[in-house]
Amino acid sequence: ITTRAVEAGPAGLVFMGTRRPIGAGEETLFLMTVNLRTGKIVRRVDSPDLGDPRFLVLEGNQGFVVSREPDKSISVREISLEDFSIRWKTVIGDPAATLLPPVVAKDHLVVGTFQGNAEGKYAYGAALLAKTGGMVKNIKSDFVYDRPPGYGVANGGLIFSVDSKVEVHR
């Protein structure tokens with residue numbers, strides 16, 4: 001068993017991982033919830049359609065899975081924590097971008113990325129999604145930075161810290 005993500009949810013710990021059955025060659029993806037009081041598995045789904053998942057974040061009874069698709073594009077899925085069903089999927093694109101951990105804000109999910117070019121310069125980006133799956137804003141900088149960015153959300157702004165600059169997007 002390989003764990004890709006563990007998050008605390010309302011029904012317990014939610015695990016996203018892969019397992020390789022004895023004697024079988026292919027790993028299978030799973031989602032499961034473990035009750036914190038009893039330690040028992042209360043919900044498990046094998047092989048959910050999540051692409052190649054990289055991040056899982058939870059908020060209330062919903063989870064957001066950020067994945068790579070077979071064409072390497074980035075996608076986001078909302079899952080119900082009650083039955084692990086997929087409520088929606090939005091493809092962001094950016095097959096060349098490196099993913100940063102997503103951030104849940106009041107009404108949005110932010111998926112940060114960065115890319116490097118052949119000249120050794122970096123650019124940052126972020127997809128701002130409504131919690132209903134619609135793209136609200138797609139932010140991209142120019143390739144002018146010497147280092148990859150850090151980012152966060154505070155006071156209603158999306159903040160990027162890169163090189164000696166702090167840039168705020170509202």
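On a predicted model such as this, the values are computed, not experimentally measured, just so you know. The chain is numbered in sequence order, starting from 1.
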Would the number of heavy atoms belonging to other residues, nucleotides or ligands and lying under 6.0 Å from CZ of Arg147 be above 12? no

Check for a donor-acceptor pair, side chain of Asp71 on one end and backbone N or O of Ser73 on the other, with a separation under 3.5 Å. yes

Is any side-chain heavy atom of Glu82 less than 4.5 Å from a side-chain heavy atom of Asn61? yes

Please enumerate all residues that pass side chain to side chain contact (heavy atoms under 4.5 Å, CB included) together with Lys72, with sequence neighbours excluded. Pro95

Whether Lys121 and Asp142 form a salt bridge (side-chain N of Lys/Arg under 4.0 Å from carboxylate O of Asp/Glu) is what I want to check. no

Pairwise distance CG(Asp83) to CG(Leu31) - rounded to 0.5 angstrom: 11.0 Å

Is the closest side-chain heavy-atom distance between Met135 and Leu129 below 4.5 Å? yes

With rounding to the nearest 0.5 angstrom, report the CD to OG distance, Glu167 to Ser161. 9.5 Å

State, with a plain yes or no, whether a side-chain heavy atom of Thr113 is found less than 4.5 Å away from one of Gln115. no

Just verifying a value: how many Å separate Thr18 OG1 and Phe30 CZ, rounded to the nearest 0.5 Å? 7.0 Å

Ring geometry between Tyr151 and Phe160 (parallel below 30°, tilted from 30 to 60°, perpendicular above 60°): parallel

Between the CZ atom in Phe55 and the OG atom in Ser67, the distance rounded to the nearest 0.5 Å is 10.5 Å

Asp146 atom CG, over 12 foreign heavy atoms within 6.0 Å: yes

Are Leu29 and Leu56 co-members of a hydrophobic cluster defined by side-chain heavy atoms under 4.5 Å apart? yes

4.5 Å side-chain heavy-atom contact, Leu81 and Thr33: no

Are the side chains of Ser80 and Gln62 in touch, meaning some heavy atoms are under 4.5 Å apart? no

Any donor-acceptor pair under 3.5 Å linking the side chain of Lys137 with the backbone of Ala126? no

Would you call Glu69 and Arg77 a salt bridge, using N to O less than 4.0 angstrom? yes

Using 30° and 60° as the class boundaries, would you call the ring planes of Phe64 and Trp88 parallel, tilted or perpendicular? tilted

Hey, does Val45 have a side-chain heavy atom less than 4.5 Å from the side chain of Met32? no

For the hydrophobic clusters of this structure (ILVMFWY residues joined by side-chain heavy atoms under 4.5 Å, transitively), does one cluster hold both Val57 and Leu99? yes

Applying the 4.5 Å side-chain criterion to the ILVMFWY set and letting contacts propagate, would Val76 and Val153 be lumped into a single cluster? no

Rounding to 0.5 Å, atoms CG (Asp163) and OH (Tyr145) come to a distance of 7.5 Å

Applying a strict under-4.5 Å side-chain criterion to I, L, V, M, F, W and Y, I'd like to know whether Val104 and Val136 cluster together. no

Considering only Ile, Leu, Val, Met, Phe, Trp and Tyr, and joining two whenever side-chain heavy atoms are under 4.5 Å apart, list the other residues clustered with Val166. Ile159, Val168

Same cluster or not: Leu13 versus Ile41, using hydrophobic residues (I, L, V, M, F, W, Y) connected whenever any side-chain heavy atoms lie under 4.5 Å apart? yes

What distance separates Arg43 CZ from Asn35 CG, expressed to the nearest 0.5 Å? 10.0 Å

Charged N to carboxylate O below 4.0 Å: is that the case for Glu78 and Lys89? no

A side-chain contact here means heavy atoms from C-beta on lying under 4.5 Å apart; do Phe84 and Pro48 qualify? no

Any side-chain heavy-atom pair of Val66 and Ile74 under 4.5 Å: yes

